[in-house]
Amino acid sequence: MKTVLAKVFRIPGGIGATVALLLLVQPAHAQLMVEVGGGVTASTRLVRDSIVTPIDVGVDPGFAASFRVGTQLDSANTLQLGLSLSRNTLTRDGGGGSTEITSINVWFPSVGLKRPFIGPTAIRGMIGALIYDPEETVGTPFRDGSPVLAAAGLGLTYTPGFTNGLSLDLAWDLHRFNTSALRLEGFGGDQIVHRITLLLQLGIKNGN
Amino acid sequence: MATKYSPTPRRLRGAVPVVLALAFGAAGCSDPQVPARAATYQFADGFGEVFRWPHDRSPVRFWVEERGALPSYVAASLDLWERQFLYGEWSGTVVDDSTQADVIVLLGGGTPPPSPLTSDPPVRACFGETNGTVVGDAIEGAITTTVFWSVGAAATDIANCLSRVTAHEIGHTLGLLGHSPDPDDLMFTNPTVRSPSQADKNTVQTLYDTVPSLAPPAR
Ligand SMILES: [Zn+2]
């Protein structure tokens with residue numbers, strides 16, 4: 001098993017570093033806002049191939065978790081550092097059937113800006129890195145390593161006044177997918193991958 | 001509560017439009033080009049029968065006779081073949097109980113003299129055979145592979161030969177029932193290379209995206 005994450009972004013340390021960084025950049029009188037959420041994520045295909053029959057390879061919809069910490073920059077804008085994780089199954093569809101290839105974690109560390117939108121909603125933009133971390137790599141598109149892929153996205157958070165910090169968050173992000181194995185195999189260009197994530201999240205404010 | 005402090009608000013406010021621009025720019029691109037991977041040699045047997053392991057039989061179970069370096073040759077061969085796939089179509093594993101095996105791998109004759117593998121030119125110091133019993137539209141019982149070595153040949157030549165012939169025979173157990181006419185391919189009748197070529201890879205990938213006519217042995 002290969003853990004890309006260990007090289008790129010150690011999670012407990014990553015969250016600690018995120019909070020520490022925000023505390024450092026946080027203005028003296030600003031609030032620190034934490035959002036923790038859980039939900040589902042779905043993604044468009046990662047690979048379209050055709051050997052004898054058309055083959056689509058992608059990650060099935062799966063559980064998603066998200067952690068974001070932010071600091072208010074002014075009356076409207078909040079700077080956010082986030083980390084989301086989804087746990088999915090890499091699946092091959094084609095030849096009249098669907099087969100599971102391996103379990104896969106998808107990590108998305110990001111930095112973004114959130115601001116009020118219409119009524120009880122807020123909108124945010126984010127950029128970051130998509131990291132695919134499969135359980136098995138041999139005989140998969142990740143056999144020669146998992147790349148760190150640039151990603152960008154938008155999110156819409158709906159916070160009704162009566163829910164005491166609970167909100168619904170709908171996010172969309174996209175990235176260009178490719179791996180060394182696919183390039184070696186002769187694939188030209190990248191696959192554009194869209195992901196949608198729906199979260200129920202809890203917001204906690206800290207500071208004055 | 002809101003604060004008066006605002007370090008770089010103007011620059012940061014541009015983040016949302018930048019994200020959108022990235023998104024629309026990327027979304028305009030078309031799907032990547034798919035490589036052409038036609039089979040380059042016949043994978044069906046002499047009767048036109050096609051065999052491959054269905055996905056739900058992975059990992060295919062191999063029992064290996066514990067003699068000489070045969071277990072290490074088989075382990076290396078399973079790894080070599082597993083690496084030819086992109087979408088987890090096939091994998092193999094070694095099991096301890098021969099009665100649970102899908103494939104039995106044996107060493108014919110005595111135990112060969114020990115020798116490390118070298119890059120010496122290939123010498124025909126061994127051969128192999130793979131057999132399965134077809135009953136109706138299915139293989140019955142475990143597939144059996146046996147590799148034999150030539151008494152009198154140099155130990156190094158025997159080791160090198162057993163390594164590549166084992167990989168070749170394991171290729172047969174995957175369902176590559178024919179042979180390649182190209183000596184650069186592992187599935188050439190008398191293999192001179194140790195690992196699958198691009199043609200071997202194309203052929204086995206094509207096989208594993210083809211509907212088989214033979215079912216695997218029951219478990
Ligand atoms: Zn042969």
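So you know, we letter chains A, B, ... as the sequences are listed, proteins then strands, and number each from 1. Being a predicted model, the structure only gives us computed values, none of them experimental.
- Of all heavy-atom pairs between A:L90 and A:P141, the closest is CD2-CD, 4.4 Å.
- Only the side chain of A:I55 comes within less than 4.5 Å of a heavy atom in chain B; its backbone stays farther off.
- Note on A:D169 versus A:R124: salt bridge recorded, some NZ/NE/NH1/NH2 to OD/OE distance being below 4.0 Å.
- Interface remark: A:V138 contributes backbone and side-chain atoms alike to the contact with chain B (heavy atom separation under 4.5 Å).
- A salt bridge links A:E185 and A:R143; the closest N-O separation between the charged side-chain nitrogens and carboxylate oxygens is under 4.0 Å.
- Looking at A:V111, there are no atoms closer than 4.5 Å to chain B (heavy atoms on both sides), in backbone or side chain.
- Side chains of A:R68 and A:S66: a donor-acceptor N/O pair is present below 3.5 angstrom, by distance only.
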